[in-house]
**Student:** 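If you scroll down you'll find the structure; I have some questions about it.
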There are 2 protein chains.
Amino acid sequence: MRSSSAPAGSDTRSRAATGRQAITAERVIDAAVRLTVEHGLEGWTLRRLAAELGAYPAVVYHHVGDRDAVVCAVLDRVVGGLRVPDPGLPWQEWFVELLSELRVVLRRHPGTARWMVLFGPSVQAATELLDRGVRMLLDAGFGEESTLAYHLLAATACQFVTMEDDRDGSLAERLDNTEEYAAYRDRSDLPGMAAHGRTMHRLLTEPGLLDAYFTHLYDYAVRRCLDGLTTRLADIRG
Amino acid sequence: MRSSSAPAGSDTRSRAATGRQAITAERVIDAAVRLTVEHGLEGWTLRRLAAELGAYPAVVYHHVGDRDAVVCAVLDRVVGGLRVPDPGLPWQEWFVELLSELRVVLRRHPGTARWMVLFGPSVQAATELLDRGVRMLLDAGFGEESTLAYHLLAATACQFVTMEDDRDGSLAERLDNTEEYAAYRDRSDLPGMAAHGRTMHRLLTEPGLLDAYFTHLYDYAVRRCLDGLTTRLADIRG
DNA sequence: ACCTGAACACCGTTCAAGT
DNA sequence: ACCTGAACACCGTTCAAGT
């Protein structure tokens, strides 16, 4: 019987001699993206990724590097899948379009949004997007503040997607406070908490409503952000 | 020589017989808060927490529960340290005051902001805060939208603090792209990227400027959010 | 150069046994 | 009830050895 640490289909002969595909960096990243789509970025381990390739963990190190290096490569793939909206659009519409597509792409790869907040600007594939976005704001009249405004919009979008990812993940499953919210609904001594209780109770009991709520919250956040920047632009222009 | 798995100062006799303090849930949480202030929520393990108490990991389970239970107890302590701003303030000022104090408290306990985004409303100590906040918005005229608006403000604040925590943590240290940004500064074919490169290069080379930038970004995010909600309020009323 | 196979130093969690 | 001490099933990472 084989040792349990041996990868599935392993063989003492070389990969070529046994008809197994040679492992390349690209194939490692392919598998990592596949696992991310299926289980999220925190839902697979380096050992699992290696097993997916029918190889040992050290093989991943040899071709790509440590776990962070694999994650960065996945980010690059994800961002690479984004299209740049039509530069002819007004700046607000341009961002609405970009950020609603960003949400779809990031949500399809759970866990990537969290990394994007910090590493987004360093991802090679994001260069064109960043350039176009900052340029939209420069042209709109934000001047020196353009990079700050861009950072605000991009960070807000990624952060709200991260919240959704976390909610689906293991973080949230341990907590069902439907009963708790129900108890607050009639507390006339805590009118704010009562309103919150009514809203949350409905969201948690009517099926499918919670997903719709998070979509709504995302759009609401993006819109308020753009409205706030519009107010700011009027102040800058004097 | 003692087994390396035995906690420091361990003794086969009972804790009382050896003059060691009995372990209580409160003392476990005290230690967890202390470790969080010092190393962040992700900077300590259950084994380390147990060692801090001179006990075995199973002791933490016995008095508090698993790691998530300890974390929730820490959150409760952190939120409990917040004061509610003067209800006589205009709603915008009320939130500016609340959220700037929130940032200070969360930043003093790195890693807690990430949990607050999802679990904040369930933390017992946050009930009064939530009630007062939603009530401010109800009184301002947000009506049915008050809980949504509150959620937007609280989530935005916690998320930007999370970004700062992540930047200080191990996530960001592996990436110094000062040189990369420098290279983009003169790319007249990528004017947006050039502007971004100039801003980032300055932030990364002039000492202390980066901290100031994140403080500025946080205030900018809170202000834009409030401005956006003010615009929205005019729409609701109009 | 590429891969094997095992080791190292960790985790969170569980549990029978002692007092 | 409270604590001990060890075990279980994992991690990411490293490395000498093979081909």
Side-chain angles (χ1 to χ4, degrees), chain A residues 1-28 31-32 35 39-72 74 170-171 173-174, chain B residues 1-28 31-32 35 39-72 74 170-171 173-174:
Chain A
M1 202 177 143
R2 285 212 163 274
S3 154
S4 66
S5 70
S10 79
D11 193 299
T12 49
R13 286 170 296 158
S14 80
R15 296 194 147 267
T18 55
R20 287 171 294 162
Q21 287 186 318
I23 284 161
T24 62
E26 212 195 334
R27 248 190 276 278
V28 172
L35 286 174
H39 306 102
L41 209 48
E42 311 303 319
W44 55 264
T45 63
L46 237 153
R47 295 173 109 104
R48 169 107 194 245
L49 173 59
E52 189 82 359
L53 296 160
Y56 286 87
V59 175
V60 176
Y61 276 79
H62 187 263
H63 289 283
V64 183
D66 63 13
R67 197 182 195 280
D68 287 359
V70 178
V71 166
C72 286
V74 171
S170 54
L171 261 182
E173 272 165 28
R174 49 177 281 96
Chain B
M1 204 178 144
R2 284 211 163 274
S3 154
S4 67
S5 70
S10 80
D11 193 297
T12 49
R13 287 171 296 158
S14 78
R15 301 189 80 85
T18 55
R20 288 172 294 163
Q21 287 186 319
I23 284 161
T24 63
E26 212 194 336
R27 247 190 277 276
V28 172
L35 285 174
H39 305 103
L41 210 47
E42 312 302 320
W44 54 266
T45 65
L46 237 152
R47 296 174 109 104
R48 169 109 194 246
L49 173 59
E52 189 82 2
L53 296 159
Y56 286 87
V59 176
V60 176
Y61 275 79
H62 187 263
H63 288 283
V64 182
D66 62 14
R67 196 182 196 279
D68 287 359
V70 179
V71 167
C72 285
V74 171
S170 53
L171 262 181
E173 271 165 31
R174 51 177 280 92

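Computed from heavy atoms alone, side chains included, the values below leave out hydrogens, waters and symmetry copies.
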**Student:** Look at B/Tyr56 and D/dC3 and indicate whether a side-chain polar atom (N or O) is within less than 4.0 Å of OP1 or OP2.
**Tutor:** no

**Student:** To the nearest angstrom, how far is B/Arg27 atom CZ from D/dC2 atom C1'?
**Tutor:** 14 Å

**Student:** Apply side chain to side chain contact (heavy atoms under 4.5 Å, CB included) to residues A/Leu53 and A/Val59 and explain how you reach the verdict.
**Tutor:** CA-CA 9 Å; A/Leu53 296 160; A/Val59 175; 5.9 Å; no

**Student:** Please check this pair: side chain of A/His63 against backbone of A/Val28, looking for a donor-acceptor N/O pair closer than 3.5 Å.
**Tutor:** no

**Student:** I'd like to know if the side chain of B/Arg67 and the backbone of B/Thr45 have a donor-acceptor N/O pair within less than 3.5 Å.
**Tutor:** no

**Student:** Rounded off to whole Å, could you give me the CG-to-P distance for the B/Leu49 and C/dG12 pair?
**Tutor:** 10 Å

**Student:** Would you say a side-chain N or O of A/His63 is under 4.0 Å from OP1 or OP2 of C/dC3?
**Tutor:** yes

**Student:** Just the atom pairs and distances: protein N or O near nucleotides 14-18 of chain D's N or O, under 3.5 Å.
**Tutor:**
none

**Student:** Could you give me the stems involving DNA chain C, meaning stretches of three or more consecutive Watson-Crick or G-U wobble pairs whose two defining distances are both below 3.5 Å?
**Tutor:** C:4-8 with D:12-16, C:12-16 with D:4-8

**Student:** Which pair of non-hydrogen atoms, one from A/Trp44 and one from A/Ala32, has the smallest distance, and what is that distance?
**Tutor:** NE1-O, 3.8 Å

**Student:** Show the nearest heavy-atom pair for residues B/Leu35 and B/Leu49, with the distance to one decimal.
**Tutor:** CD1-CA, 3.8 Å

**Student:** Send over the distance from B/Arg67 CZ to C/dT13 P, rounded to a whole Å.
**Tutor:** 9 Å

**Student:** Which atom pair, heavy atoms only, marks the closest approach of B/Val70 to B/Gly65?
**Tutor:** CG2-O, 4.3 Å

**Student:** Rounded to the nearest Å, what distance is computed from the CZ atom of residue B/Arg47 to the C1' atom of nucleotide C/dA9?
**Tutor:** 11 Å

**Student:** Can you tell me the distance, in whole Å, between the CG atom of A/Leu46 and the P atom of C/dC10?
**Tutor:** 19 Å

**Student:** In Å, rounded to the nearest 0.5 Å, how long is the span from CG of B/Asp66 to CG of B/Leu46?
**Tutor:** 8.0 Å

**Student:** Does any pair with a residue in residues 41-58 of chain B pass salt bridge (Lys or Arg N to Asp or Glu O under 4.0 Å), and if so which ones, sequence neighbours excluded?
**Tutor:** B/Arg34-B/Glu52

**Student:** In whole angstrom, give the distance that lies between atom CD of B/Glu42 and atom C1' of C/dC11.
**Tutor:** 13 Å

